[in-house]
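Structure, as structure tokens:
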Amino acid sequence: MGFLDKVKQIDEYAWEIPADAREGMRVPGIVFADREILEKADADNALQQVANVACLPGIVRASMAMPDIHWGYGFPIGGVAATLAEEGVISPGGVGYDISCGVRLVLTSLGWEEAKEKLPELLDMLNASVPKGLGTKGRIHLERREVERLMADGAPELVARGIGWEEDLEAMEERGRYPGADPSKVSERAFARGKDQVGTLGSGNHFLEIQVVEETRPPAEKLGLFEGQLVVMVHSGSRGLGHQICTDYIDVMGASIKKYGYSLPDRQLVCAPVESREGRDYLAAMACAANFAMCNREAITHWIRECFEKVFRAGARSLGMHVLYDVSHNLAKMEEHVVDGKRLTLMVHRKGATRAFPGSRPEVPDKYAETGQPVIIPGDMGSHSYVLVGTEEALEKSFGSTCHGAGRTMSRKAAKKQVRGEELKRRLEGMGILVRAAQLSGLAEEAPEAYKDVRAVVQICEGAGLSRRVARMRPVAVMKG
DNA sequence: ATGTTC
């Protein structure tokens, strides 16, 4: 606490923590927020974390945070930090425990009016088809070598096995294959935790939701979105695999920190040079988790399509079940950016922040060259979700990044104490939202009141120019671990 | 987020 008096307002939605706010800061902090969010972030010690991250070796321009900022391990959730690829560091805490946690949106050509009668049947079938909850095993059983291939080669390998469609790859970052993955850098323990978890939802804030598109604006039509449309949102990550990889490399880098002579304000910021044995090994393992997470969401998509085919008695292709896009909001990526007029190769850490590139970037699929990259923003259970698109302004202001969701405002523990799962389920059903939860206590942790207002978060991102709203969806059915 | 304190 106590950073608020040092913060300077830059414009309506941007605040600067000057580089002299604490010892060791190499760059300022920039937080995209309104006053209310800023004050909460300070009370949460998250502003302090923004300032801490500004001390990382090789960080450029600023340590940033999106309006869904809240306290996290070392780095704030909602944080963006770019370090020089040659002289800077990579830090597992800047990616997070759930490596490549992300969201995808599966479209349909169905209108809500024609589909709503089938909703309970559909939800029950999805509930029976997609494994969920803590410690869950999946339906795909693979030999060790096969899992290694998924980690090394990503979603194309899964598609080659008949799970998912070839065209889905165009709707995934890196075409479903994060480069540089090396399964030999993944520990046996990480391997053991992840190997049976391909195609599982998980728990916590991970969910599968059926939603109805409520309001659209251009270029919605170009993205295949229309008002009244039934869509499916999937939020999941790399499960036990990513968690263990993060744990392993926090240990590895904790042991090597002295060797590199870094003095950091928080032990949780452990890191190693991008160009070091430890840094390269982490990135090779992180890439495995990224590929695993994309395969996870792709396998879940496969079962979603199967359920729709059974319930609507039509092929998934004729039901228009294309993937709009699959975003990862916990990842570090090597990207080129212009900083102070110089083109630099940077390691961009996004932790609870989403890449939001304009169509001009080579990373964006050709089909989105005109519209910009779709960004999928889940709200909390009782509220809306959004489709945004990336902007040129985001590239200039935030290394092409925007928010990732509403952001917690209450700890899981506090939410559990305050909300009863049974009551919440009834409340949501009273709002016309069907609920299937593996555990009612898990539902309570994710209660709407434990989150910020996603509308405000998205509005700030748009107001700051970091992305533009294209569609708003309301949930009609939610499935949680 | 997470075989929820190996």
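Chain A is the first sequence line, chain B the second, and so forth, proteins listed ahead of strands; every chain is numbered from 1.
Between the P atom of B/dT5 and the CG atom of A/D251 lies a distance of 16 Å, rounded to the nearest Å. Note: CG (A/D98) to C1' (B/dG3) measures 15 Å, nearest angstrom. A/K413 has its NZ atom 12 Å from the C1' atom of B/dT5, to the nearest Å. Rounded to whole angstrom, the span from the CG atom of A/L134 across to the P atom of B/dT5 amounts to 10 Å. Rounded to an integer number of Å, the gap from CZ of A/R189 to P of B/dT2 is 16 Å. A straight line from NZ of A/K132 to P of B/dT2 spans 14 Å, rounded to a whole angstrom. Atom C1' of nucleotide B/dT4 and atom CD of A/E446 are separated by 13 Å, given to the nearest angstrom. Residue A/R193 contributes atom CZ, which lies 10 Å from atom C1' of B/dC6 at whole-angstrom precision.
Side-chain atoms of A/K351 come within 3.5 Å of backbone atoms of A/Y73 as a donor-acceptor pair (strictly under, hydrogens ignored). Under a 3.5 Å cut-off, the side chain of A/N52 and the backbone N or O of A/P265 do not form any donor-acceptor pair.
Heavy atoms of A/G204 sit under 4.0 angstrom from primed sugar atoms or phosphate atoms, though from no base atom. Across all strands, A/E445 comes closer than 4.0 Å to no nucleic acid atom at all (heavy-atom distances).
Within a heavy-atom distance below 4.0 Å of DNA chain B, the residues of residues 239-248 of chain A found are A/R239, A/G240, A/H243.
Taking side-chain N and O atoms only, A/Q197 has a distance below 4.0 Å to OP1 or OP2 of B/dG3.
Geometrically, A/R239 does not engage A/F292 in a cation-pi contact defined by less than 6.0 Å to the ring centre and at most 45° from the axis. For the pair A/R305 and A/W165, the cation-pi criterion (under 6.0 Å, within 45° of the ring axis) is fulfilled. By the 6.0 Å and 45° rule, A/R104 does not stack over the aromatic ring of A/Y325.
Outside the 6.0 Å centre-distance limit, the rings of A/H235 and A/H404 are not counted as a close aromatic pair.
A/Y386 pairs by the ring pair (Phe, Tyr, Trp, His ring centres under 6.0 Å) definition with nothing, not counting sequence neighbours.
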